[in-house]
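Some notes on the structure that comes next.
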Amino acid sequence: MGGARVVRRATIRGVEDPAVAGLAAVLAPEGLALLDALPPYEEAAGLALGARLRAEGHDPALVAGALTQSRLRARAVAKFGPFADDMLFTAAGLEQATRLEVAARHARRFAAADVRRVADLGCGIGGDALALAGLGLGVLAVDRDEPTAAVAAANLRRFPAAAVRCEDVVATDLTGVDGVWLDPARRDAAGRRVLDPRRASPPLSFAVDLAERLPVGVKTAPGIDHDLVPTGPGGAWECQWTSVDGDVVEAALWSGPLARPGVRRSAVVVRGGAAAVVDDAADPFAATAPPVGPVGGFLYEPDGAVVRAGLVGAVVAALDGRLVDPSIAYVTADRHLELPSATGYVVDEVMPFGLKPLRARLRERGVGRLTIKKRGTAVEPEELRRRLRLEGPEEAVLVLTRVAGRQSALICRALPRPIAV
Ligand SMILES: C[S@@+](CC[C@H](N)C(=O)[O-])C[C@H]1O[C@@H](n2cnc3c(N)ncnc32)[C@H](O)[C@@H]1O
């Protein structure tokens, strides 16, 4: 893996930028020591702590850098748990980083396919690279942004089999690498989100070209158009949508041995630390439309990853159920089954949508606390809530949707969710 510049020590140019100067100061051994000695981060105590550290003679750039890192570490706990306390960040790098549990799933794909040395092209602060290195894989992490590459090098310092290079991935020598991970930057020069993977940096075409010679995994936005999922080279690709605690966080494309045989679309639902996978092999309606029929005793809201993956049919099949409308992702069934891939509700009443009758029914039921869910309707939940003037001790879930083409209101109750699958 030799050749281009290797960031061995975390050094950065461009220290005229205060944020970069602060980071450079923290990256020096005495800077890290100061950061590690700081008390747990508390927003309100920041100013006084900064003044005290400067009064004690610490360089103002280092103090600013250490306080910034302390704040970023606190924020990073949501993505990296206790490991955040041993890491460094840039604000943008943290925002873009893959959360630990998802990065671990990426890394396991490479390990399962017996890919031993992975190039992480566009590594950011190293979220994915750390998970790969943590599994004992060799890692070549590359980022063209110098502060970001320096932070990645610091974060990977405990892994001798990991190297970081600061260069454009187009120039990276992949000799000795036997698989590639890409998490392209999805912001344009003005900071706006780029949803089309063909316009990300590097673009999807770069990943597809690499797949001619190496197994490739590439992260994209969850809204990726199914038609953009490559069908080759390197054999058929798998696109896997992932949600974490209800938020769809990504769609990852996997080529060659990284794709599971016979699986083109899949969804992984991570909730409370447990994960469940649904794939098109479990969807008997992959090529035909699922059945549609009247609302039964239970309503199920498939997880967003399942919906994005186009696998609502797998939920219909698992429940022996039907859709309430051909174009809407609500599934109804006559019996209850706990599924990790869908949230279930007991249906108490179904009525045509209308403000006055709905208000009257909720009053009669004494509903004062209402969760409003909607699909396929223009109703504004908060405006509706205001106009319902709720009162009473009871709780309910109101589902607004089309049933057989008609705007309807379903008064429901939540069912418990499984916490482990
Ligand atoms: C979404 S972030 C990667 C986040 C990373 N997976 C993590 O978990 O921390 C994308 C990174 O790609 C880098 N990048 C974008 N285009 C690049 C290119 N052509 N060469 C090298 N790095 C690039 C950006 O600087 C950015 O840090």
Side-chain angles (χ1 to χ4, degrees), residues 4-7 12 14 19-20 23 72-73 75-76 78-81 83-84 86-107 109-110 118-135 137 139-156 159 162-174 177 179-189 191-207 209-210 216-222 224 242 244 249-253:
R5 196 164 91 77
V6 180
V7 181
I12 334 171
V20 176
L23 177 60
L72 292 175
R73 279 181 170 180
R75 198 187 296 167
K79 281 192 173 178
F80 295 101
F83 298 102
D86 192 41
M87 295 174 67
L88 296 179
F89 300 96
T90 63
L94 171 57
E95 194 195 316
Q96 297 177 55
T98 305
R99 61 184 59 240
L100 181 66
E101 60 206 320
V102 178
R105 296 188 64 83
H106 298 155
R109 280 238 186 200
F110 286 97
V118 183
D120 181 355
L121 300 182
C123 65
I125 56 96
D128 281 296
L130 275 166
L132 291 161
L135 273 195
L137 305 181
V139 179
L140 171 60
V142 180
D143 207 289
R144 66 181 172 189
D145 181 67
E146 208 164 341
T148 304
V151 166
N155 288 337
L156 287 161
F159 297 98
V164 179
R165 288 189 202 161
C166 184
E167 64 189 13
D168 196 295
V169 297
V170 173
T172 299
D173 175 4
L174 295 174
V177 159
V180 174
W181 169 250
L182 292 133
D183 178 3
R186 286 183 270 136
R187 295 262 176 201
D188 66 13
R192 287 177 301 241
R193 276 183 203 282
V194 172
L195 295 176
D196 187 337
R198 294 170 297 187
R199 292 179 45 236
S201 177
L204 183 56
S205 57
F206 179 77
D209 289 347
L210 279 176
V216 168
V218 51
K219 179 159 132 184
T220 70
I224 184 173
T242 299
V244 178
V249 293
E250 66 171 41
L253 314 177

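Throughout, residue positions are numbered sequentially from 1 according to the sequence presented. Hydrogens, waters and symmetry mates are skipped; everything else that's a heavy atom, side chains included, is used. Counting convention: from 1, in listed order, for ligands and their atoms alike.
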What residue and heavy atom of the protein are closest to [atom], and at what distance?
{"atom": "atom 1 (C) of ligand 1", "value": "Q96 OE1, 3.2 Å"}
{"atom": "atom 4 (C) of ligand 1", "value": "D183 OD2, 3.3 Å"}
{"atom": "atom 22 (N) of ligand 1", "value": "R144 N, 3.2 Å"}

Geometric N/O contact [X] with ligand 1, under 3.5 angstrom:
{"X": "T148", "value": "no"}
{"X": "A185", "value": "no"}
{"X": "V169", "value": "yes"}

### Message
Please verify the inter-ring angle class for F80 with F89; under 30° counts as parallel, over 60° as perpendicular, anything in between as tilted.
### Response
tilted
### Query
Side chain, backbone, both or neither: which part of A129 comes within less than 4.0 Å of ligand 1 when only heavy atoms are counted?
neither
### Message
Is it the case that the side chain of R73 and the backbone of M87 share a donor-acceptor pair, with hydrogens and angles ignored and the cut-off at 3.5 Å?
### Response
yes
### Query
Does at least one non-hydrogen atom of R186 fall below 4.0 angstrom from an atom of ligand 1?
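False for this residue.
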### Task
Would you mind checking if R187 and E95 are paired as a salt bridge, meaning a charged N to carboxylate O distance below 4.0 Å?
yes
#### Entry: Option passing side-chain contact (heavy atoms from CB on, under 4.5 Å) with V216 (candidates L253, D209, L210)
L210
### Task
Give the single entry among D128, T172, N155, D143 that approaches atom 13 (C) of ligand 1 most closely by any heavy atom.
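Shortest heavy-atom distance from atom 13 (C) of ligand 1: D143.
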